[in-house]
Amino acid sequence: MTAMTTSWTAAFRSAVLSPHETIVLKPSRGFRDQTLRQILHLDGGGEALRVLLTNRYGDRPLVVAAARVAVRKAGGEILPETDAPLTFGGAAEVTVPTHGEVVSDPVALAVEAGTDLAVSLYLPGETGPATFSHTPLESGYVVEGDAVSRPVLPDAEEVDSRFFVSGVDVLAPEGTHVAVAFGDSWFEGTGTTHGANRRFTNLLNARLPRGWVVNQGLGGNRLLTDEVGERALGRFDRDVLAVPGVTHVLTHFGLNDLGLPGLSGERPPGADVLTAGYTELARRAHEAGLVIIGATMGPYAGTIYPGVDTPEGRATRRVVNDWIRTSGVFDAVLDVAHAVQDPDQPDAIRPDLDSGDHLHPNDAGARVMADAVDLAFLRL
């Protein structure tokens, strides 16, 4: 009997941004002589794993004196029988260079899709403001001193951002297909229930007969401008092309390009500028042999955020969405706008799908988005 061939395949991703952004939607923080335990919900499984640590936007080397990985039991508690050390080139301690990243040695821990991993890092020195994901919709736990081996972290401080961790890869069967959900807060999951794993990507994964989708959504991210995270055209190579196993990419961008300029009284870009950006994304995806699925921009009329909803932005969204549907630039279209819009007011989210800020869908809205994906085009 021939042994199954396996390869490293992305099973979890977390898009990161700098703590020194022009617009700060949520501040980062630093750590000193503290243990940080973070929960990572795996989109796929395999017979072994490795963890990716990042110091991409750090202002100094990041010293990790000890690190461990385990399956989460509940909250910040782990299953002790699954607990294993993370090493780096055989060493228990690692220094992640300023603006750098490291990958752990393989850990012989078999995991399944839907597993909640707990990654614990002991950070002995002053880290400075951390490279982070600002809206992971999952809690992390912080305690004083080196507590990476403790099954339970009593009296831990609970945090709602993710720091220094950008991904998990697994050893999966050769040829396992992975789609990257590459976009803004509508993909990251803003508006859905914290800790419930009801993001668009989680609900889409539940529909897939094979393969899976990893989430590189980043709230506030723009297609064309570095402002909240590196612009989509700038991070595409790292956050899509470099993802091991990637075969497909789904994109949802443009809302922040249209809305965020209004915060400072600027005019949003024209439709021709946005469509040129989408065309470039599609060109680069096709050049790499990927299938690219373009999502229309969701509605946001009446949003509670001042300056974001403008008549000019609404009009441009309609024009660009029509172009996404009809241009043929993408291999397929996910019509997010049509799926979640209010039939009586198409520029607005349907009330029962609205998280309350009139800009982001709730759990039910995320499910409607996931159900709108034609699996024949995803072909995972």
**Q** Would you call the rings of Phe163 and Phe132 parallel, tilted or perpendicular, where under 30° means parallel and over 60° means perpendicular?
**A** parallel
**Q** Side chains of Ile78 and Arg68: closer than 4.5 Å at any heavy-atom pair?
**A** no
**Q** Side chains of Arg199 and Asn197: do they bring a donor and an acceptor to under 3.5 Å?
**A** yes
**Q** Are the side chain of Ser327 and the backbone N or O of Val329 linked by a donor-acceptor pair below 3.5 Å?
**A** yes
**Q** Would you name the heavy atoms of Asn221 and Asp184 that are closest together and state the gap between them?
**A** O-CB, 3.9 Å
**Q** So for atom CZ, which belongs to Arg29, do other residues, nucleotides or ligands contribute more than 12 heavy atoms lying within a distance under 6.0 Å?
**A** yes
**Q** Looking only at heavy atoms, which two atoms of His134 and Leu17 are closest? And how far apart?
**A** N-CD2, 3.9 Å
**Q** For the CZ atom of Arg318 and the OG1 atom of Thr296, what is their distance to the nearest 0.5 Å?
**A** 14.0 Å
**Q** Given side chains that start at C-beta, do those of Asp43 and Val213 come closer than 4.5 Å, heavy atoms only?
**A** no
**Q** To the nearest 0.5 angstrom, please state how far the CG atom of Leu258 sits from the CD atom of Glu312.
**A** 9.0 Å
**Q** Could you report the tightest heavy-atom contact between Val69 and Leu86, atom names first, then the distance?
**A** CG1-CD2, 3.9 Å
**Q** Just so I know, are the side chains of Glu126 and Arg60 near enough to count as touching, which here means a heavy-atom distance under 4.5 Å?
**A** yes
**Q** So, do Thr98 and Asp59 sit near enough that their side-chain heavy atoms are less than 4.5 Å apart?
**A** no
**Q** Using a distance-only test with no angle check, is there a side-chain donor-acceptor pair under 3.5 angstrom linking Tyr122 and Asp33?
**A** yes
**Q** Going by heavy atoms in the side chains, are Leu62 and Leu123 under 4.5 Å from each other?
**A** yes
**Q** With distance as the sole criterion, is a donor-acceptor pair present between the side chains of Ser14 and Ser133 under 3.5 Å?
**A** yes
**Q** Within the side chain of Gln38, is there an N or O that forms a donor-acceptor pair under 3.5 Å with the backbone of Val119?
**A** no
**Q** With side chain to side chain contact (heavy atoms under 4.5 Å, CB included) as the test, would you mind laying out the steps for Leu290 and Val240 before giving the verdict?
**A** CA-CA 10 Å; Leu290 304 183; Val240 177; 3.9 Å; yes
**Q** Please identify which of these residues, Arg222, Arg56, Arg238, meets the salt bridge (Lys or Arg N to Asp or Glu O under 4.0 Å) condition with Glu230.
**A** Arg238
**Q** Which ILVMFWY residues are connected to Phe377, directly or by a chain of links, through side-chain heavy atoms under 4.5 Å apart?
**A** none
**Q** Do Glu188 and Thr190 get their side chains close enough for a donor-acceptor pair, meaning under 3.5 Å?
**A** no
**Q** Can any side-chain N or O of Trp212 pair as donor or acceptor with the backbone N or O of Ala10 at less than 3.5 Å?
**A** yes
**Q** So, Asn321 side chain and Met297 main chain: donor-acceptor pair closer than 3.5 Å or not?
**A** yes
**Q** Is Asp257 reaching over with its side chain to a backbone N or O of Pro269, donor-acceptor style, under 3.5 angstrom?
**A** no
**Q** How long is the gap from NE2 on His99 to OG on Ser18, to the nearest 0.5 Å?
**A** 9.5 Å
**Q** From Thr303 OG1 over to Asp309 CG, what is the distance, rounded to the nearest 0.5 angstrom?
**A** 7.5 Å
**Q** State whether the side chain of Thr35 and the backbone N or O of Gly145 hold a donor-acceptor pair below 3.5 Å, judged by distance alone.
**A** yes
**Q** Quick check: closest heavy atoms across Val16 and Ser166, and the distance to 0.1 Å?
**A** CG1-CB, 4.4 Å
**Q** Do Phe12 and Val103 share a hydrophobic cluster, counting only Ile, Leu, Val, Met, Phe, Trp and Tyr and linking them when any side-chain heavy atoms are less than 4.5 Å apart?
**A** no
**Q** Is there a donor-acceptor pair closer than 3.5 Å between any side-chain N or O of Thr275 and the backbone N or O of Asp272?
**A** yes
**Q** Is it the case that over 12 heavy atoms from other parts of the model lie below 6.0 angstrom from the NZ atom of Lys26?
**A** yes
**Q** List the steps and the verdict of side chain to side chain contact (heavy atoms under 4.5 Å, CB included) for Leu233 and Leu281.
**A** CA-CA 7 Å; Leu233 290 170; Leu281 278 185; 3.7 Å; yes
**Q** Once rounded to the nearest 0.5 Å, what's the spacing between atom CZ of Arg367 and atom CZ of Arg198?
**A** 8.5 Å
**Q** Compare all side-chain heavy atoms of Pro124 with those of Val63 and state whether any distance is below 4.5 angstrom.
**A** yes
**Q** Using modelled atom types and a 3.5 Å cut-off, is there a donor and acceptor pairing between side-chain atoms of Asn362 and backbone atoms of Asp352?
**A** yes
**Q** If two hydrophobic side chains count as joined below 4.5 Å and joins carry through other members, does Leu40 share a cluster with Leu153?
**A** no
**Q** Between Asp331 and His248, is any side-chain donor less than 3.5 angstrom from a side-chain acceptor?
**A** no
**Q** Would you compute the distance between atom CZ of Arg231 and atom CG of Leu218 and round it to the nearest 0.5 angstrom?
**A** 14.0 Å
**Q** Any chain of hydrophobic side-chain contacts (each under 4.5 Å) joining Leu353 to Leu255?
**A** yes
**Q** Membership question, hydrophobic clusters at under 4.5 Å side-chain separation (ILVMFWY): are Leu378 and Leu203 in the same one?
**A** no
**Q** Within the structure provided, determine whether Val246 and Leu241 are in side-chain contact (heavy-atom separation under 4.5 Å).
**A** no
**Q** More than 12 heavy atoms of other residues, nucleotides or ligands under 6.0 Å from CD of Glu112: is that the case?
**A** no
**Q** How close do Gly114 and His41 get, heavy atom to heavy atom, and via which atoms?
**A** O-CE1, 3.3 Å
**Q** Please identify which of these residues, Phe182, Phe253, Phe200, meets the ring pair (Phe, Tyr, Trp, His ring centres under 6.0 Å) condition with Phe187.
**A** Phe200
**Q** Would Val111 and Leu117 satisfy side chain to side chain contact (heavy atoms under 4.5 Å, CB included), going step by step from the backbone distance to the final call?
**A** CA-CA 9 Å; Val111 290; Leu117 280 187; 4.1 Å; yes
**Q** Applying salt bridge (Lys or Arg N to Asp or Glu O under 4.0 Å), run through Arg13 and Asp169 and close with a yes or a no.
**A** CA-CA 9 Å; Arg13 282 299 184 270; Asp169 296 336; 2.9 Å; yes
**Q** Between Ser7 and Glu174 (side chain of the first, backbone of the second, donor and acceptor by atom type, cut-off under 3.5 Å), is there such a pair?
**A** no
**Q** For salt bridge (Lys or Arg N to Asp or Glu O under 4.0 Å), just list the numbers for Arg284 and Glu287, CA-CA rounded to whole Å, side-chain angles, deciding distance to a tenth of an Å, and then say yes or no.
**A** CA-CA 5 Å; Arg284 289 163 63 182; Glu287 191 174 72; over 6 Å; no
**Q** Minimum heavy-atom separation for Arg162 to Pro136, with atom names?
**A** NH1-CB, 3.2 Å
**Q** Please check if Leu137 and Val165 belong to a single hydrophobic cluster, counting links between Ile, Leu, Val, Met, Phe, Trp and Tyr side chain heavy atoms closer than 4.5 Å.
**A** no
**Q** Within the 4.5 Å heavy-atom criterion, are Ile349 and Tyr300 side-chain neighbours or not?
**A** no
**Q** Please check: side-chain N/O of Asp354 versus main-chain N/O of His358, any donor-acceptor pairing under 3.5 Å?
**A** yes
**Q** Apply side chain to side chain contact (heavy atoms under 4.5 Å, CB included) to the pair Phe164 and Val64, showing each step before the final yes or no.
**A** CA-CA 10 Å; Phe164 303 127; Val64 180; over 6 Å; no
